[in-house]
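Below: the structure, in structure tokens.
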Amino acid sequence: MTTEIRTRFAPSPTGYLHIGGVRTALFCYLFAKKNGGKFILRIDDTDQTRNVEEALQPILDGLKWLGIDWDEGPGVGGPYGPYYQSQRNDKYQAAVDKLLEGGFAYRDYARPEELQQEREAAVAAKRTFVYSRRWAAYTEEECRKFEAEGRSGVVRLKMPREGKLVIHDLIRGDVEFDWATEQDHVIQRADGSFIYHLANVVDDHDIRISHVIRAEEHLSNTPRQIFIAQSLGLPLPQYAHLPFVAEPGSKTKLSKRKLDKYLKNSDFAKLVRQGTGIADRVGLETTADGFNPVIVDFYRQTGYLPEAILNYLALLGWALDDKSEYFMPNELISLFSFDGVTKSAASFDPAKLFAFQEKHMNNLPSDEKYARTVRYLVAAGWLKVLDGPYAGKTAFNELPDLFPAGTPLALTRHPEMAPESVAALLKGVIAGTGDRIKVSGDILDFVEFFEGDGDFPLDEKAWNKRLVSDPAAVGLLKEFRERLAAVSAAEYTHESLEALFMGFIEEKQIKPAQLIHALRVAATGKGVGIGMFEALELLGRERTLKRIDRVLALLNG
RNA sequence: GGCCCUGUCGUUUAACGGUUAGGACACGGCCCUUUCAAGGCCGCGAUACGGGUUCGAUUCCCGUCAGGGUCACCA
């Protein structure tokens, strides 16, 4: 009999998807898919004080966006549901009863402060704390006696106090523990609710998990889980404890709460600055609670590619060989194995993540780049959607990551322009920017093509340097303007414009720089940008002339 | 503090007893160039320390040190 490979990711509904969690989910997913198995999503909501649905949605959305699809779980169901722990209490109760019956657990009536005293005494005596089990109750009668004292009971595991346990970890090899160092952990609270470890073991078995793949921080918790499983007579899954994702430049676990500290890392700060710049322009909230690189939403909103994030995260703790680094998701699936997984914690490097993003973005077909940038231009107010499911919508969160091809768009500042021309312009801008757009939101750095011709903003520094304080350049610009005016609309291409320009500077015996900077500022308002002649072609003759004339008029006035 | 894990350039990793210890990102320089990117070339840069085992240790063993995790009626 061959058993199916089944892995699970079991997030608790915290309201956001942590980047470290994604890494764990990804490895679970890759291992399952590589081996033709199933990846299951289970929700660890045993702590019921939270609003589960609301706090779960961002996590489901994030995983879906990344393409980490689950075969069983919320939304898709499956044969071993329910996939919410809060709905499985009957199973946990049955397990606790069985543990009690078998003598593997007991009811305990100790008060927290009494336990605390024992603990302190142990520390003072420099010995390992071992609960005296003084308030343990094994019969109904004992229970009633303690309850009469006003005590409330919990159920504790009755851990072995001798012998050793060896865990065969797929990544770490054999790890040995002394049973004596394990505590009598609570598995059911006084209010009858259940503790995670109990629920976890019961569910992993019920849901037929074959491989428990999780972060290293759970390694120390594994003995008690094994004890529960063995006491219940359940077969053990295979374990694989992944190194966790650490802070930039440190080995401490990455946390959502320490944004201020991470901001001192210049690469991290750079990432945040870029993201915030984009989010601000498309009208998104940028509070640290929801918008920060530890949370997946940050990347989605800034315009990262899922495949880039997956690629980077896969390399954080896994390597194929000494040279390959660039992988698409399907390649990761076919190449993944525990052999390549590292043992030590890997710190999150924002600069390297960004490098992967650049690479994947540069390999993106231009149609897809187009489909991904529209959202930013619409949300920032440069474009309007004329028809289709998103007609009239402007809020970023109401717009899709990828705009459907053929959606008719209008240019806010040039309402007269036909949708086909708008689409052609945007396509041209994307082609012109080449590899300058690193994240989809970067399109907002090239909106000079969407500005009005008579009122586009002029970069102050560039304006002063290239025009105000360079009268020679202005003279040349005036003259070159006439040459441009003489070009027919059909001839107004970057090739012929470049030829025209080169002829002009040769004739004038000058270097390109003596005119081209002035021309750029006049035509785009900026000191930097895409290739000059591509820019002129995109603008077209009429718009170029209008722009130059406006600037010339400003200089005279 | 007990227990557990980890320790190769700044970061991420390769080398599974024999290499001038390799790559990528970052960084520095040069080239290209109308700006900004990109690209090309070059450079900087590591086996935590101490003992063993071995003809030979990054690799195996022991110790030290360092970092991290875990010890909740959180997950």
Side-chain angles (χ1 to χ4, degrees), chain A residues 10-14 44-47 49 85 108 110 112 115 119 122-123 126-129 152-156 167 169 171-172 175-178 180-183 185-197 199-200 215-224 241 243-244 246 248-253 266-267 312 315-326 339-340 342-356 358 362 433-438 445 462 466 498 501 505 511-517 519-521 524 526-533 535:
Chain A
S12 55
T14 51
D44 274 6
D45 57 347
T46 48
D47 179 359
T49 54
Q85 292 193 325
D108 181 57
L115 232 36
R119 222 173 249 129
V123 172
K126 290 194 176 113
R127 54 177 171 76
T128 308
F129 166 61
S152 53
V154 298
V155 177
R156 281 183 192 279
I167 298 171
D169 190 276
I171 293 167
R172 268 147 234 285
V175 182
E176 200 177 274
F177 291 87
D178 279 324
T181 59
E182 288 297 315
Q183 300 301 319
H185 299 283
V186 172
I187 51 176
Q188 186 171 23
R189 301 183 184 94
D191 68 2
S193 62
F194 303 93
I195 296 291
Y196 162 80
H197 298 288
N200 197 51
E216 186 192 341
E217 65 225 57
H218 290 283
L219 185 55
S220 302
N221 296 330
T222 307
R224 77 184 81 156
H241 286 93
F244 54 78
S250 151
K251 293 289 180 198
T252 310
K253 202 164 72 168
S266 65
D267 292 330
Y312 172 68
L315 269 300
L316 209 53
W318 173 82
L320 178 68
D321 54 30
D322 62 343
K323 48 181 93 65
S324 323
E325 287 208 308
Y326 184 86
D339 290 345
T342 326
K343 292 189 178 84
S344 55
S347 61
F348 177 75
D349 180 355
K352 184 127 187 180
L353 200 204
F354 196 76
F356 277 105
E358 283 188 73
N362 293 346
T433 55
D435 46 30
R436 292 171 179 83
I437 293 180
K438 316 290 191 193
D445 290 338
R466 301 303 187 183
E498 182 161 6
F501 180 87
I505 62 166
K511 285 189 281 188
Q514 288 173 268
L515 168 57
I516 205 158
H517 297 296
L519 178 59
R520 180 182 297 282
V521 178
T524 68
K526 294 181 175 176
V528 298
I530 70 169
M532 187 70 257
F533 308 105

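The chains referred to below are lettered A, B, ... by the order of the sequence lines, with proteins before strands, and numbering in each begins at 1. Worth saying up front: this structure is predicted, and the values here are computed from it rather than measured.
Contact record, A:A199 with A:Q85: CB-NE2, 3.7 Å, taken as the closest heavy-atom pair. Here the closest heavy-atom approach between residue A:A462 and residue A:K526 is recorded as CB-C, 4.3 Å. Minimum interatomic distance between A:I171 and A:T342 (heavy atoms only, all atoms of both residues): CG2-O, 4.0 Å. Annotation for A:K251 and A:F244: closest pair O-CE1, 3.4 Å, computed over non-hydrogen atoms.
Listed by chain and number, the residues in a side-chain contact (heavy atoms from CB on, under 4.5 Å) with A:D191 are A:R189, A:S193 (sequence neighbours excluded). Remark: A:A110 pairs with A:D108, A:E114, A:L115, A:Y131, A:W135 by the side-chain contact (heavy atoms from CB on, under 4.5 Å) rule, at least two apart or across chains.
Spacing between atom CD1 of A:I167 and atom P of B:U70 amounts to 15 Å, rounded to whole angstrom units. Atom-to-atom, CD of A:E217 to C1' of B:C74 comes out at 12 Å; the value is rounded to the nearest Å. Going from atom CG of A:L320 over to atom C1' of B:A15 covers 14 Å, rounded to whole Å. For the pair A:Q85 CD and B:A75 P, the computed distance is 9 Å after rounding to whole Å. Distance, A:K253 NZ to B:A75 P: 14 Å, rounded to whole Å. Taking atom CZ of residue A:R224 and atom C1' of nucleotide B:G69, one finds them 13 Å apart after rounding to whole Å. Rounded to whole Å, atom P of B:U70 lies 12 Å from atom NE2 of A:H241. Going from atom CZ of A:F348 over to atom C1' of B:G68 covers 19 Å, rounded to whole Å.
Here the CH2-CG distance, from A:W318 to A:D339, works out to 11.0 Å after rounding to the nearest 0.5 Å. Here the CG-CE distance, from A:L515 to A:M532, works out to 9.5 Å after rounding to the nearest 0.5 Å. The NE2 atom of A:H241 sits 3.5 Å away from atom OG1 of A:T222, with the distance rounded to the nearest 0.5 Å. Atom CD1 of A:I530 and atom CZ of A:R436 lie 7.0 Å apart (nearest 0.5 Å).
When the nucleotides B:A75, B:G22, B:U12 are ranked by their closest atom to the side chain of A:D322, B:G22 comes out on top. For A:V154, counting side-chain heavy atoms from C-beta on, the closest listed nucleotide (B:C73, B:G69, B:A75) is B:C73.
On the C1' atoms, B:C27 is 28 Å away from B:U34, given to the nearest whole Å. If you take atom C1' in B:C49 and the same atom in B:C65, they sit 7 Å apart, rounded to whole Å. Rounded to whole Å, the separation between the P atoms of B:G1 and B:A15 comes to 35 Å. Comparing the P positions of B:U58 and B:G7 gives an interatomic distance of 16 Å, to the nearest angstrom. Rounded to a whole angstrom, the distance from the C1' atom of B:A37 to that of B:C32 is 13 Å. Spacing between B:U70 and B:A57 at atom C1', rounded to whole Å, works out to 34 Å. When the P atom is used for both B:G40 and B:G23, the distance is 15 Å, rounded to whole Å. The C1' atoms of B:U6 and B:U12 are separated by 16 Å, rounded to the nearest whole Å.
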Using a 4.0 Å cut-off on protein heavy atoms (strictly under), produce a 5'-to-3' string for nucleotides 2-7 of chain B with B for base contact, S for backbone-only sugar-phosphate contact, and - for none.
-> SSSBSS
Protein-proximity profile, nucleotides 25-39 of chain B, B/S/- by nucleotide at the 4.0 Å heavy-atom cutoff, equals S--------BBBBS-
Protein proximity profile, nucleotides 40-45 of chain B - base contact B, sugar-phosphate-only contact S, no contact -, cut-off 4.0 Å on heavy atoms = ------
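Using a 4.0 Å heavy-atom criterion, one finds that A:K511 contacts no nucleic acid atom at all. Among the heavy atoms of the strands lying under 4.0 Å from A:H197 is at least one base atom, whether or not backbone atoms are also near.
Across all strands shown, nothing is found opposite B:G45 as a Watson-Crick or G-U wobble partner with both distances under 3.5 Å. A 3.5 Å limit on both hydrogen-bonding distances identifies no Watson-Crick or G-U partner for B:C32. If you check B:C71 for Watson-Crick or wobble pairing at under 3.5 angstrom, you find it paired to B:G1. In this structure, B:A66 forms a base pair with B:U6, meeting either the Watson-Crick or the G-U wobble geometry with both donor-acceptor distances under 3.5 Å. Figure legend. B:U54 is base-paired to no nucleotide; pairs are counted as Watson-Crick or G-U wobble with both atom distances under 3.5 Å. Pairing for B:A15 is absent, judged as Watson-Crick or G-U wobble with the two contacts each under 3.5 Å.
Using a 4.0 Å cut-off, some side-chain N or O of A:R119 falls inside it from OP1 or OP2 of B:A72. Dashed line: the shortest gap from a side-chain N or O of A:S347 to OP1 or OP2 of B:U12 is under 4.0 Å.
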Any chance you could lay out the side-chain contact (heavy atoms from CB on, under 4.5 Å) test for A:N221 and A:H197, step after step, and finish with the verdict?
-> CA-CA 8 Å; A:N221 296 330; A:H197 298 288; 3.6 Å; yes
Candidate pair A:I516 and A:F501, rule side-chain contact (heavy atoms from CB on, under 4.5 Å), full reasoning = CA-CA 9 Å; A:I516 205 158; A:F501 180 87; 3.8 Å; yes
Just the atom pairs and distances: protein N or O near nucleotides 57-61 of chain B's N or O, under 3.5 Å.
none

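Position along RNA chain B of the nearest nucleotide to A:A10 versus A:K323 favours A:K323 as the more 5'-ward residue.
Between A:H185 and A:I195 there is no side-chain heavy-atom pair separated by less than 4.5 Å. Side-chain contact check for A:K253 versus A:E217: some heavy-atom pair is nearer than 4.5 Å.
Stacking of A:H218 onto the six-membered ring of B:A75 is present: less than 5.5 angstrom between centres, less than 30° between planes.
Taking the six-membered ring where the residue is Trp, A:Y312 and A:F348 present perpendicular rings, their angle passing 60° and hence far from 30°.
Within 6.0 Å of NZ in A:K343 there are 12 or fewer heavy atoms belonging to other residues, nucleotides or ligands.
Counting only N and O atoms by type, the side chains of A:S324 and A:D321 include a donor and acceptor under 3.5 Å apart.
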